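Fair warning: this is a prediction, and the values are worked out from it, not measured in the lab. Order of the sequence lines fixes the chain letters, A, B, ..., with proteins taken first and strands second; residue numbering starts at 1 for each chain.
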There are 2 protein chains.
Amino acid sequence: MPAPAPPSASRKNLAREVVQLLRTAILSGKLPPGGALAEPVLAERFGVSRAPVREALIELEREGLVEFKATGRTCVRTLARKDFEEITEARSALESMAARRVAAVWSAADTAFLEKNIAAQAKAATLGELSRLDMELHAYVVRRSGNDRLAALWQTIRWQFEMALASTHRLQESLVFQPRAITVESHRCLLAALASGRPETAAKTMAAHIAGALEWFAADAPPDSSGQKRARTKRRATTGGLA
Amino acid sequence: MPAPAPPSASRKNLAREVVQLLRTAILSGKLPPGGALAEPVLAERFGVSRAPVREALIELEREGLVEFKATGRTCVRTLARKDFEEITEARSALESMAARRVAAVWSAADTAFLEKNIAAQAKAATLGELSRLDMELHAYVVRRSGNDRLAALWQTIRWQFEMALASTHRLQESLVFQPRAITVESHRCLLAALASGRPETAAKTMAAHIAGALEWFAADAPPDSSGQKRARTKRRATTGGLA
DNA sequence: AATCCTAATAGTGTCGACACTTTTGGGGTT
DNA sequence: AACCCCAAAAGTGTCGACACTATTAGGATT
């Protein structure tokens, strides 16, 4: 199931394939955070020359999954708690605006789509399935906002969020189904706001919904690192980790 | 005066130079909207090979200054009124969030910086100077938000906004100083909100400030195109075209 | 054994080349 | 004159090569 329409739909073929392969490998943890990404190595591994690999790395750097060190070397990015917060904040900014816009043009078909998605969430068998549906829902709202720039910006941080989420999954598969009901409930609430026809309500609800996700997994999944302060880790029961 | 620190500070040298050259050429109108951008031609023109040019074009496509047609060819992007609205909306989303955050950590030094900037605006001799100061002010707020992702996203639409603004300038140098006082006044109002210590006030004021800019130049500078409806073109006197 | 220096290795930045595709321009036809 | 077809020109996607730089490993020195 490849992403339906990447923001840069045009141009190239091999480079896009390499992007997808690398992205999958990174998100699945096969390429661990901090691991080196050498162009010749990847080129041989994928059976292509360095040129497409190089372009793919540039794309992934844009998406924040990969980091160009000062020395010129490339490696898989490592996410600290501060990164979680930044990503969530950026999502909040973009998706709140998207919610504001989409609320103004909300239709019955939109409600139907979200209801179907949320119903599927309630039946999701795995956490991976649940988070896929969650992402689909949010992508839908962003796309339906009708603002292509907003959508393009959102796409560039989408994968960072998935990466952060994936590291959370790996850290604690045990919590899998505790948050499910909470996630579903939060999405029902969000749907109501989007369908209310009140843009500001929609925007505020979306912001709260996403903030709930941060509270959840910033509390549980600080994969590192140096000195952060941040006292509040009280897990507010709003989203259950999936925005 | 090259941009101080591009978001992707690392990696390469030639490609970054080409990016700057091309960006300047596009923003100045030397490369007109819709004009073809062929890699071999540009490569020869800049005295480099195709590789850096190619990477530069990818970067500029990300920034929205350049468009990859479905055929694979590349050209300077053409902005329609819908694009103006999208860009402004995206800026509003990002900068409102930035304002919200920066208000929480606002210091006397920040106030001093903005006051100096606004004073310079009041004395600006040309529209170009005014808009440079305006951009500097907004960049300052975004950077001071402390969220690198937000800043990176903002950078990617910054140039689109400058491009839209540039086309406005070219269309009507005559209006040059009518809006200056309004711009300054709006920025004073923004500074007060940022320094108020109330995040929501800061966010709302920033949103209004930017919306004011849209009203101004969406009304005056629709460089084209097909059927848009949009009745309200009443020029609300809030910003004077520079957000 | 630990340290420093040096040589070998790996990697990036840039270039030119080639195959394939799209566009362009010219000539013939109606 | 307008239209269609074909050949030439231009452009992109991909590849391999080379120079320069950073890393690493090994060996000599203390």
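- Rounded to a whole Å, the CG atom of N13(B) is 20 Å from the P atom of dA19(D).
- Scored by the side-chain hydrogen bond (donor to acceptor under 3.5 Å, both in side chains) test, R100(B) finds E200(B) as partners (sequence neighbours excluded).
- Residue E44(A) qualifies as open at atom CD: its count of foreign heavy atoms under 6.0 Å is 12 or below.
- You'll find the side chain of R143(B) stays beyond 4.5 Å of the side chain of W154(B), heavy atoms only.
- For S49(B), the side-chain hydrogen bond (donor to acceptor under 3.5 Å, both in side chains) test picks out no residue, with sequence neighbours left out.
- The nearest whole Å value for the distance from the CG atom in L14(B) to the P atom in dA19(D) is 18 Å.
- Residues from residues 41-49 of chain A lying near DNA chain C, meaning a heavy-atom separation below 4.0 Å, are V41(A) in numerical order.
- F46(A) pairs by the ring-ring contact (aromatic ring centres under 6.0 Å, His included) definition with nothing, not counting sequence neighbours.
- Among the protein residues, L37(B) comes within range of the sugar-phosphate backbone only, with heavy atoms under 4.0 Å from sugar or phosphate atoms but none that close to a base.
- If you measure from atom CZ of R54(A) to atom P of dT14(C), you get 7 Å, rounded to the nearest angstrom.
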Pairs under 3.5 Å (N/O, protein and nucleotides 21-24 of chain D):
none

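- Scored by the side-chain contact (heavy atoms from CB on, under 4.5 Å) test, R73(B) finds T71(B) as partners (sequence neighbours excluded).
- Remark: R50(A) engages E39(A), P40(A), A43(A), R54(A) in a side-chain contact (heavy atoms from CB on, under 4.5 Å) (not counting sequence neighbours).
- Checked against side-chain hydrogen bond (donor to acceptor under 3.5 Å, both in side chains), D110(B) has the following partners two or more places apart in sequence or in another chain: S107(B), Y140(B), R144(B).
- Per the geometry, CZ belonging to R50(B) stands 18 Å off P belonging to dG13(C), to the nearest Å.
- Atom CG in L57(A) sits about 12 Å away from atom C1' in dG11(C), given to the nearest Å.
- The interatomic distance linking E55(B) (CD) with dT14(D) (C1') rounds to 14 Å, in whole Å.
- Taking atom CD on E39(B) and atom P on dT14(C), their separation rounds to 15 Å, with Å as the unit.
- Partners of E136(B) according to the side-chain hydrogen bond (donor to acceptor under 3.5 Å, both in side chains) rule, which considers only residues two or more places apart in sequence or in another chain, are N117(B).
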